[in-house]
2 protein chains.
Amino acid sequence: MRIASWNVNSIRTRLEQLTSWLVRAAPDVVCMQETKVEDGSFPEAALSEVGYRSVIFGQKSYNGVAIATRFGLSVDDVKKGLDGDEQDVARRMLAATIEGIRVINVYVPNGQAVGTPAFAYKLAWLERLRSELEARYRPDQQIMICGDFNVAPEAIDVAEPKKWEGQVLFHPDERAALGRLMEWGLVDAFRACHPAKEAYSWWDYRMGAFRRNKGLRIDLALVTRPLAARCTDVSIDTRPRELQRPSDHAPVVVEIADGDAPPGVAPGA
Amino acid sequence: MRIASWNVNSIRTRLEQLTSWLVRAAPDVVCMQETKVEDGSFPEAALSEVGYRSVIFGQKSYNGVAIATRFGLSVDDVKKGLDGDEQDVARRMLAATIEGIRVINVYVPNGQAVGTPAFAYKLAWLERLRSELEARYRPDQQIMICGDFNVAPEAIDVAEPKKWEGQVLFHPDERAALGRLMEWGLVDAFRACHPAKEAYSWWDYRMGAFRRNKGLRIDLALVTRPLAARCTDVSIDTRPRELQRPSDHAPVVVEIADGDAPPGVAPGA
DNA sequence: GATAACGAGG
DNA sequence: CCTCGTTATC
């Protein structure tokens, strides 16, 4: 099973790039963030044409998450939104159990700037995500939390760590919040597969950051240990970032070996 | 000599289409309208790369005219704006003497709707253009006035004349104003070459007007009789209108035989 | 149905 | 730098 995560930065604007990439990369599942579209306008038909059914949780203009799964895969126990979300809150979380794996797709708040209310909200959001794990799941289950975390875990995940240290996306408080999440029982799948590899998933549109490869690895797949044991590779596909009018994020692809998971290990809600 | 006129509807948005077309159609001169860019941001370098120098008279957001000429052609007596233009008026006229031919590039006001102040301004603008001809030129000189006139001369120039009759772009008052201009001593070069041909240069973006070929011929090249005698063909190149994200106008191309014009016939200002 | 400006968000 | 929503123009 191949599970991908991609912040598409508007699914309507990126639709052709997305469908081309699906055909070429052939993931079984793609978790998308920043779809920026209301559910009624989500391009389900275009994804259907290339063989995917969609589960969607979007809104106008901002945020929005979706999961597309190859036809034939089982999709159960869809959950839209984080526990404790207010009405009309930003739509940033969508979970489903796909072929026995609990896939939790997240678009963590950006945080805007350190010290702002948005930054506090980001930290609180990560803490709420941890609370949801504690309340609903166990670390011995087959669980992946993937998406745009808007946090780089370590200095190796930042092209210019000295410049970024203390900034939003690489601030100690954010890394601590991410660390607390992982302490529950999650492994950074990319880092587990590639302990010393320098690779990035996001490059600012400005200043030719992609051309100079000045990026950050902020798109992550965090997996429980039983699922980590099945991960055979994690890669970041930079080719879509090379196109005209790309998303600022590249897709992350996790390869998972067939599991003979005993029944009951991958719960719904 | 091949002189083209094209309302590009934003030269920055259309830059690639424009340069491709210049390479393919190889005009000696192209008069452009609705460049929609300030002179400091005009893409001179891109036109230079394909062999053209630019004379520009543009503004932010709206209007703006430019003439690009193949390197090596003589360009003299550039005139920016119509006589009597107030400061900061819409930039709609740019003239230059190119290889002895006075080329007057115009973007006639659209007129918005019949009966509005914009409509009166359009009629007055055409009258001012006639005054400028009377004040500065003689009909025995080599003169072309080309551009987006926002008026279709005759019913044959309108795909649906009954629908358009009395509307802006095909209103009797506009046609009378155009007629008065021509009475000074100008010939519609396209119609002179093709007395019975139905061809259009503009199609509304809406309602699939281009697909259904429901257009109007509002982009004209008006020439004095001595220059008309040198016109061997006039064509409208609809291929750029077929592209993705096209201008709503197609380029008009006038072919002019080499002239042994006596000195002094093509004045500056 | 295209263009543009503007301000917000990233 | 790129998206969005809005407003204005053609």
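Letters go in sequence order (proteins before strands), and every chain restarts at 1. Below, all heavy atoms of this structure are taken into account, side chains as well, without hydrogens, waters or symmetry copies. What you see is a predicted model, and the numbers here were worked out from it, not measured in a lab.
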_Rounded interatomic separation in angstrom, taking CH2 from B/W202 and P from C/dG1_ = 13 Å
*Please state whether the phosphate of D/dT3, meaning OP1 or OP2, lies under 4.0 angstrom from any side-chain nitrogen or oxygen of A/R14.*
yes
*asked:* Which residues pass the salt bridge (charged side-chain N to carboxylate O under 4.0 Å, His left out) test with B/E44, not counting sequence neighbours?
replied: none
*With sequence neighbours excluded, what pairs up with A/A120 under the side chain to side chain contact (heavy atoms under 4.5 Å, CB included) test?*
none
*Between P of D/dC2 and CZ of A/F210, the distance in whole Å*: 13 Å
*asked:* Can you measure B/Q33 atom CD to C/dA2 atom P for me and round it to whole angstrom units?
replied: 20 Å
*Rounded to whole angstrom units, what separation is found between the CZ atom of B/F119 and the P atom of D/dT9?*
18 Å
*For A/D237, which residues count as a salt bridge (charged side-chain N to carboxylate O under 4.0 Å, His left out) partner, sequence neighbours excluded?*
A/R239
*To the nearest Å, how far apart are A/Q59 CD and D/dG5 P?*
11 Å
*Expressed in angstrom and rounded to an integer, what is the separation of A/R211 atom CZ from D/dC1 atom P?*
10 Å
*Let me have a per-nucleotide readout for nucleotides 4-10 of chain C, 5' to 3', with B, S or -, counting only protein heavy atoms under 4.0 Å.*
SSS--SB
*Between A/N7 (CG) and D/dC2 (C1'), how many Å, whole number?*
12 Å
*Those residues that, when tested against B/D219, pass salt bridge (charged side-chain N to carboxylate O under 4.0 Å, His left out) (two or more places apart)*: none
_If the condition is salt bridge (charged side-chain N to carboxylate O under 4.0 Å, His left out), which residues does B/E160 pass it with, not counting sequence neighbours?_
B/K163
_Nearest whole Å is fine: how far is D/dC2 C1' from A/Q244 CD?_
13 Å
_If you take the centroid of each ring, where Trp contributes its six-membered ring, are B/W164 and B/F170 closer together than 6.0 Å?_
no
